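Notes follow once the structure below has been shown.
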Amino acid sequence: MRLRNKPWASEKLNEYPQYVVAQPEEKKGKWNEEFGNNNPLHIEVGTGKGQFVTEMAKANPDVNYIGIELYESVIVSALDRIIEADIPNVKLLNVDAKNLKEYFEKNDVDRVYLNFSDPWPKNRHEKRRLTFESFLKLYEDILVDEGEIHFKTDNQGLFEYSLQSFSHYGLLLNFLSLDLHNSDFEGNIMTEYEEKFSSRGQRIYRSEVKYPQK
């Protein structure tokens with residue numbers, strides 16, 4: 001993805017502390033205080049322009065959502081969506097997902113969403129894939145027991161790799177679709193990429209897995 005530089009993005013992010021958490025490490029273990037309730041917390045790793053996390057927050061007011069995105073020039077578009085929606089149950093973190101344990105502790109998070117992640121197709125980049133075993137360990141360290149990962153992609157190779165990675169890690173498969181938009185799955189909320197790919201007739205792959213009971 002080629003990023004368009006937005007030199008004003010940082011300033012705008014700082015103008016909306018009610019949506020963009022500037023020092024998330026201070027909220028570790030206390031996200032219920034940040035949201036003002038004890039509702040379940042779901043995070044989207046790689047939230048992009050925020051369509052998915054915003055629409056999920058609208059549809060599920062009794063769930064708290066956090067969208068995590070590394071690039072300021074991208075996450076500022078997510079901020080625009082949230083400002084327009086004017087909803088209290090969604091926040092944004094402009095941080096690197098590799099450092100999730102700095103911002104969340106065990107049992108902070110109930111579910112992780114991975115939507116249309118970079119496939120990193122070259123073998124030498126395997127460790128960068130968000131379904132690589134080190135990332136699965138990272139999610140386990142912040143999720144509740146039997147916490148879930150919900151994963152969507154248009155990339156068949158990444159999907160097959162991820163299913164193998166989930167299996168090798170010992171995750172349990174709850175749901176699998178090899179063609180989501182031609183299935184009977186209800187309540188699907190699309191990302192921007194999903195809309196684009198599906199309009200071209202491309203298959204969308206989806207799986208739900210959970211960590212086994214300790």
Side-chain angles (χ1 to χ4, degrees), residues 21 23-47 52-70 87-93 95-117 126-153 158-177 180 185-189 191 205-214:
V21 182
Q23 295 179 303
E25 63 277 2
E26 296 180 359
K27 311 299 180 182
K28 184 176 180 178
K30 299 182 290 186
W31 286 102
N32 60 323
E33 297 177 9
E34 176 69 15
F35 283 95
N37 58 59
N38 291 313
N39 292 339
L41 178 59
H42 296 181
I43 67 173
E44 183 186 19
V45 179
T47 206
F52 177 83
V53 75
T54 303
E55 294 302 316
M56 287 293 286
K58 285 184 189 178
N60 302 285
D62 294 330
V63 177
N64 297 324
Y65 291 89
I66 294 178
I68 298 167
E69 175 59 50
L70 177 61
I87 44 178
N89 61 322
V90 60
K91 310 281 184 184
L92 296 173
L93 302 188
V95 298
D96 193 327
K98 292 186 296 185
N99 302 320
L100 284 177
K101 285 176 65 176
E102 294 183 15
Y103 317 120
F104 304 98
E105 64 180 31
K106 180 64 177 173
N107 298 321
D108 270 352
V109 179
D110 294 85
R111 183 179 297 169
V112 173
Y113 288 99
L114 304 175
N115 293 316
F116 298 88
S117 310
E126 180 187 11
K127 292 182 179 180
R128 298 185 185 183
R129 298 172 192 159
L130 292 181
T131 53
F132 182 67
E133 61 181 350
S134 61
F135 278 104
L136 299 183
K137 175 66 167 65
L138 185 59
Y139 309 142
E140 183 177 25
D141 288 341
I142 65 172
L143 280 163
V144 298
D145 287 339
E146 299 186 89
E148 298 179 349
I149 299 172
H150 290 197
F151 174 62
K152 282 197 289 189
T153 183
L158 178 62
F159 192 68
E160 292 172 352
Y161 168 86
S162 299
L163 291 179
Q164 288 185 323
S165 185
F166 295 153
S167 177
H168 290 162
Y169 199 83
L171 299 183
L172 306 176
L173 184 65
N174 285 343
F175 175 86
L176 174 70
S177 176
L180 180 63
F185 182 81
E186 296 181 358
N188 181 52
I189 289 179
T191 75
Y205 303 88
R206 188 179 189 276
S207 66
E208 298 176 10
V209 293
K210 73 173 184 178
Y211 290 83
Q213 185 176 17
K214 293 292 187 183

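All values below were derived from every heavy atom in this structure, side-chain atoms included, with hydrogens, water molecules and symmetry-related copies excluded. Every value quoted in this text rests on a predicted model; they were computed, and no experiment measured them.
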**Prompt:** With a 4.0 Å cut-off, would you call Lys28 and Glu105 a salt bridge?
**Reply:** no

Report yes if some heavy atom in the side chain of Tyr169 is under 4.5 Å from a heavy atom in the side chain of Lys137; otherwise report no.
yes

Taken to the nearest 0.5 Å, the spacing of Leu163 CG from Phe151 CZ works out to 7.5 Å

Separation between CD (Glu146) and CG (Leu171), nearest 0.5 Å, reads 12.0 Å

Taking every heavy atom of Leu93 against every heavy atom of Phe104, the minimum-distance pair comes out as CD1-CZ, 3.9 Å

**Report entry** Check: Glu140 and Leu136 side chains under 4.5 Å, non-hydrogen atoms
**Finding:** no

CG of Asn60 to OH of Tyr65, rounded to nearest 0.5 Å, is 3.5 Å

Could you verify whether a donor N or O on one side chain and an acceptor N or O on the other, from Glu126 and Tyr161, lie under 3.5 Å apart? yes

Discussion item. Between the side chains of Lys210 and Glu208, is the shortest nitrogen-to-carboxylate-oxygen separation below 4.0 Å, so that they form an ion pair?
Written reply: no

In this structure, CG of Asp62 is separated from CG of Asn38 (nearest 0.5 Å) by 12.5 Å

What one should report as the nearest heavy-atom pair of Asn89 and Ala57 is ND2-O, 3.0 Å

Within-4.5 Å side-chain heavy-atom neighbours: Asn64 and Glu34:
no

On a heavy-atom basis, the closest approach of Asp108 and Tyr103 is OD2-O, 4.3 Å

| Has Lys98 got more than 12 heavy atoms of other residues, nucleotides or ligands less than 6.0 Å from its NZ? | no

When Glu44, Lys91, Lys58 are each screened for side-chain contact (heavy atoms from CB on, under 4.5 Å) with Val53, the one that passes is Glu44

